[in-house]
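Accompanying notes for the structure given below.
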Amino acid sequence: MATKHPSIDAQLRLLAPSKVSEDDKLVEYDALLIDRFLDILQSLHGSSIRELVQEFYEMAAEYDIKHNAAKLDALGTKLSSLDPADAIIVASSFSHMLNLANIAEEVQIANRRRSKLKHGDFSDEGSAATESDIEETLKRLVKEIGKKPEEVFEALKSQTVELVLTAHPTQSLRRSLLQKHTKIRNCLTQLYAKDITEDEKKELDEALQAEIQAAFRTDEVRRAQPTPQDEMRYGMSYFQENIWKGVPKFLRRVDTALKSIGIDERLPYNAPLIKFSSWMGGDRDGNPRVTPEVTRDVCLLARMIAANLYISSIEDLMFELSMWRCNDELRARADELLSSPKKASKHYIEFWRAIPSTEPYRVLLGDLRDKLYNTSERWRDLLATGFSEIPDKSTIKSVEEFLEPLEVCYKSLVEVGDKTVADVVLLDFMRQVSTFGLTLAKLDIRQESERHTDAIDAITTHLGIGSYREWPEEKRQEWLLTELQGKRPLLVADLPVSEEVADVLGCFRVLAELPSDSFGPYIISMATAPSDVLAVELLQRECGIRTPLPVVPLFERLADLQNAPASVERLFSIDWYLNRIGGKQQIMVGYSDSGKDAGRLSAAWQLYQAQAEVAKVAKKYNVKLTFFHGRGGTVGRGGGPTHLAILSQPPDTINGSLRVTIQGEVIEHSFGEEHLCFRTLQRFTAATLEHGMHPPVSPKPEWSKLMDEMAVVATEAYRAVVVKEPRFVEYFRSATPETEYGRMNIGSRPAKRRPGGGITTLRAIPWIFSWTQTRFHLPVWLGVGTAFKSAIDKDIKNFQLLKEMYNEWPFFRVTLDLLEMVFAKGDPGIAALYDKLLVADELKPFGENLRSKYLETQDLLLKIAGHKEILESDPYLKQGLRLRDPYITTLNVFQAYTLKQIRDPNFKVQKQPPLNKEPANVVQLNTTSEYAPGLEDTLIITMKGIAAGMQNTG
């Protein structure tokens with residue numbers, strides 16, 4: 001019998017059993033998975049490797065309990081002495097054990113959620129406040145808040161939540177590993193199911209071991225950078241596997257929830273409750289790999305995938321609708337189709353011969369199926385060669401054309417008494433068509449404002465009227481409006497353009513060529529003024545876009561957010577523009593760059609204020625406003641629990657319409673499995689409905705005043721370090737793995753918008769990623785403690801005011817709770833190790849000062865929240881984090897010492913002889929790396945492992 005995983009005793013000491021329910025099996029799940037893995041590790045690489053992994057774990061666990069820095073030094077010495085092949089095996093072992101710990105936690109969370117919902121328990125972690133159960137939300141709105149059921153139904157029918165999948169930050173785990181993790185999760189869930197037999201247990205345990213071994217033997221390291229097309233296929237796989245079937249399943253649950261409040265009517269099939277868009281292949285902001293050709297490819301590929309999904313579904317539908325009773329309209333349509341000559345493909349004719357005239361529904365659906373087949377083939381031809389012989393008229397060209405025969409079938413079934421059949425068999429498909437359209441997810445286009453300025457400047461310079469770039473804002477607006485209201489062509493054949501301008505114009509020309517329903521809005525990053533929007537409107541017209549894309553300014557830096565209300569007011573005061581938008585406007589707010597610019601507290605408050613003020617402007621001009629939230633996965637980039645994030649938004653800023661990014665790594669957590677997809681749709685729908693019908697409280701004047709004062713102090717304190725400190729960039733790049741980030745190959749975008757420069761040109765993702773890796777999380781907390789201290793020192797009464805704000809104001813409470821969660825994941829002792837090994841002596845006091853600020857901020861946070869220790873109000877999250885700590889700690893130490901070996905040629909270590917039992921099992925070392933053998937792969941594996949442990953890449 002293999003030695004049991006040594007973690008159990010250490011884990012029991014680490015956890016808080018008095019606050020965790022007795023039936024919680026997280027430690028048991030983790031122990032089972034780790035035991036199986038250690039057995040596999042021993043069989044593959046020998047008992048010496050297994051014993052070493054266990055020893056490293058115990059050393060890290062002891063550090064996590066006592067925080068004795070000497071343990072880190074001892075652990076680092078042992079890790080850095082490993083033979084290169086053994087080092088990779090050990091790093092991979094801890095990375096895989098972290099993933100297994102995550103799986104154990106996911107299974108336990110799912111079990112706990114099912115148990116709570118089964119017993120109607122909505123307390124603590126499983127409450128409606130965090131889970132947003134749609135039925136519970138509807139009941140609460142009616143019974144507790146006093147809304148009429150008809151009011152709720154009307155609000156729900158007109159509500160829209162649009163989820164926008166983006167490629168960045170790309171999931172650090174490879175897709176093949178994610179799929180294996182899903183199988184492991186399923187095996188573990190079934191092993192603990194009730195009424196399972198002993199034989200079934202043995203078979204499941206065998207399958208579990210096979211999947212764990214398969215995952216361990218799969219290379220974690222991406223050997224090549226993904227292309228935008230790869231990212232798009234990755235995103236589309238979630239539609240094919242879970243979202244496609246998840247949407248109608250969720251909408252059925254909404255129907256059921258409506259019945260619970262006395263509404264017998266179903267949600268209309270074309271209610272715009274859920275919509276999807278994508279940035280994969282359309283986000284060209286700072287990504288030179290997203291070319292016009294890439295945008296064309298991903299659009300055609302998406303349409304082809306959609307057609308193929310519809311073909312499969314409609315064949316299932318034809319099998320179901322075998323009945324002969326129908327109304328006169330359907331009979332006439334079927335007879336007309338059967339009697340008309342067919343001039344389509346051989347496939348079409350053979351298919352039609354198989355349909356008898358006594359099955360009219362199948363006749364109508366058969367015609368639709370053949371058009372779908374032609375549609376798919378046409379997109380396939382265009383994608384492969386740019387040309388297709390399939391005539392456009394034999395394909396489906398619009399959602400309305402697609403839905404029309406389905407509506408005829410539905411109406412017929414209802415009229416002949418088969419409404420039950422229509423609602424069970426046909427309604428799901430009609431809802432899919434209405435939700436996904438002909439392209440599954442519309443493609444947003446995003447480009448930086450300066451690129452449009454360059455393009456317009458090329459035009460004005462060529463016309464001999466001056467440099468647009470040098471014009472003041474008023475002159476830009478005046479000229480743009482004159483041209484928008486005129487008819488003269490501006491893009492002439494001999495217009496001299498740079499490569500960058502040619503790319504901008506090429507993108508607009510692709511938009512003109514492809515069907516307009518392929519696209520969502522055109523988003524302008526780094527938007528600052530109305531001219532940014534008008535410039536895109538003019539370029540769309542000049543490039544022949546017949547149905548212009550809605551133009552969405554993205555306000556992200558602090559100054560831009562502060563100026564956003566005035567910019568939007570000026571835009572809406574332009575009659576031409578107000579007529580152009582038809583009473584609807586999207587405004588995007590960015591969480592990533594605002595946080596990088598000013599720190600999390602100041603950014604959060606400015607985002608709150610900007611939305612509230614812009615909403616007032618929209619109301620003044622009678623414009624229906626939709627805010628588009630560019631949220632990331634980490635707290636530093638606006639991440640956090642969905643329900644709480646929505647309910648902490650200012651009143652009157654959602655009003656039944658919400659657009660939000662689901663970024664890279666978060667896609668797997670949101671849509672990686674069918675139950676995750678269902679939960680995601682439920683959370684967004686319920687929280688959006690609740691915010692609109694029962695808005696959160698507005699801040700009291702004294703709360704806003706104190707927030708204004710603290711935001712100024714926090715911004716100054718943050719920028720004093722990040723912007724004004726002359727050697728901060730040097731310290732940052734020494735103390736974190738920022739310079740090595742690009743070796744992970746986790747996305748198609750470069751780490752910077754422009755080469756060179758410092759923090760300002762660095763993208764928010766590697767900025768957050770680097771601090772997350774060292775568990776210091778500096779961008780999230782820096783400046784917050786200084787702001788709290790300043791407020792309390794100014795007036796001791798502010799301390800009670802801060803406590804009042806925490807207890808009564810959702811925005812402030814969520815902001816502080818997320819900060820507390822970040823502190824729970826942090827460890828200044830680990831950050832100190834990076835400093836000790838990697839930072840120059842003259843910069844070490846810099847790190848010591850920052851760690852002192854970290855501890856001061858944590859202490860003040862706990863006092864304001866009324867907590868004695870971190871996460872005392874969330875024992876389950878605390879348990880999960882502590883379970884992962886020893887694995888993460890080992891990888892942190894491994895990473896710090898590996899970086900030392902990479903960066904310091906004078907750092908010498910005495911290498912141990914290889915421990916791996918069989919030469920045939922020695923890993924394949926990367927011989928193309930500029931580093932010593934094994935170092936690059938070891939570093940990348942530690943990065944991926946820590947990201948898994950932190951459950952964030954950026």
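Both backbone and side-chain heavy atoms feed into the values below; hydrogens, waters and symmetry mates do not. Positions are given from 1 along the sequence.
- Side-chain contact of Tyr192 with Asn111: a donor-acceptor pair under 3.5 Å is absent, judged by distance alone.
- The line from CD1 of Ile88 to CG of Leu82 is 11.0 Å long, rounded to the nearest 0.5 Å.
- No side-chain donor from either of Tyr876 and Gln108 sits under 3.5 Å from a side-chain acceptor of the other.
- For Lys878 (side chain) and Leu871 (main-chain N/O), no donor-acceptor pair under 3.5 Å exists by modelled atom type.
- The residues Asp885 and Arg882 are annotated as not salt-bridged, no charged nitrogen and carboxylate oxygen being separated by less than 4.0 angstrom.
- When every heavy atom of Gln773 is checked against every heavy atom of Ala947, the shortest pair comes out as NE2-N, 3.6 Å.
- Using a 30° and 60° split on the angle between ring planes, Phe216 and His96 fall in the perpendicular class, above 60°.
- Atom CG of residue Leu26 and atom OH of residue Tyr29 lie 9.0 Å apart, to the nearest 0.5 angstrom.
- The distance from atom OG of Ser92 to atom NZ of Lys944, rounded to the nearest 0.5 Å, is 11.0 Å.
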Report task. Evaluate the criterion side chain to side chain donor-acceptor pair (under 3.5 Å) for residue pair Ser93 and Arg50; output intermediate values, then yes/no. Result -> CA-CA 9 Å; Ser93 296; Arg50 176 182 179 142; over 6 Å; no
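- Side-chain contact of Asp205 with Gln209: a donor-acceptor pair under 3.5 Å is present, judged by distance alone.
- Aromatic ring pairs are classed by plane angle as parallel below 30°, tilted from 30° to 60° and perpendicular above 60°; the pair Trp767 and Phe728 is perpendicular.
- Ring to ring, Tyr718 and Trp781 are not that close: their centroids are 6.0 angstrom or more apart.
- In summary, Glu62 and Lys66 engage in a salt bridge, as defined by a charged side-chain N under 4.0 Å from a carboxylate O.
- Proximity of the aromatic rings of Phe94 and Phe894 is defined here by a centroid distance below 6.0 angstrom, and this criterion is not met.
- Between atom CD1 of residue Ile103 and atom CD of residue Glu211 there is a gap of 10.0 Å, rounded to the nearest 0.5 Å.
- Side-chain contact check for Glu668 and Tyr238: at least one donor-acceptor pair (N or O, by modelled atom type) lies under 3.5 Å.
- Between Gln213 and Phe37 there is no side-chain heavy-atom pair separated by less than 4.5 Å.
- Checking Asn892 against Tyr887 by side-chain atom types alone, no donor-acceptor pair falls below 3.5 Å.
- Partners of Glu200 by side chain to side chain donor-acceptor pair (under 3.5 Å), not counting sequence neighbours, listed by chain and number: Thr197.
- In terms of modelled atom types and a separation under 3.5 Å, the side chain of Asp83 and the main chain of Gln912 share no donor-acceptor contact.
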Query raised in the report: Step by step, would you call Ile89 with His45 a side-chain contact (heavy atoms from CB on, under 4.5 Å)?
Result: CA-CA 9 Å; Ile89 293 169; His45 298 291; 3.5 Å; yes
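- We find that Arg727 and Glu730 are joined by a salt bridge, their nearest charged nitrogen and carboxylate oxygen being less than 4.0 Å apart.
- Side-chain atoms of Arg884 come within 3.5 Å of backbone atoms of Gly949 as a donor-acceptor pair (strictly under, hydrogens ignored).
- The closest side-chain heavy-atom distance from Phe823 to Leu861 is below 4.5 Å.
- In this structure, the side chain of Arg903 engages the main chain of Ser734 through a donor-acceptor pair within 3.5 Å.
- Residues Asn849 and Ser852 have side chains that never bring a donor and an acceptor to within less than 3.5 angstrom of each other.
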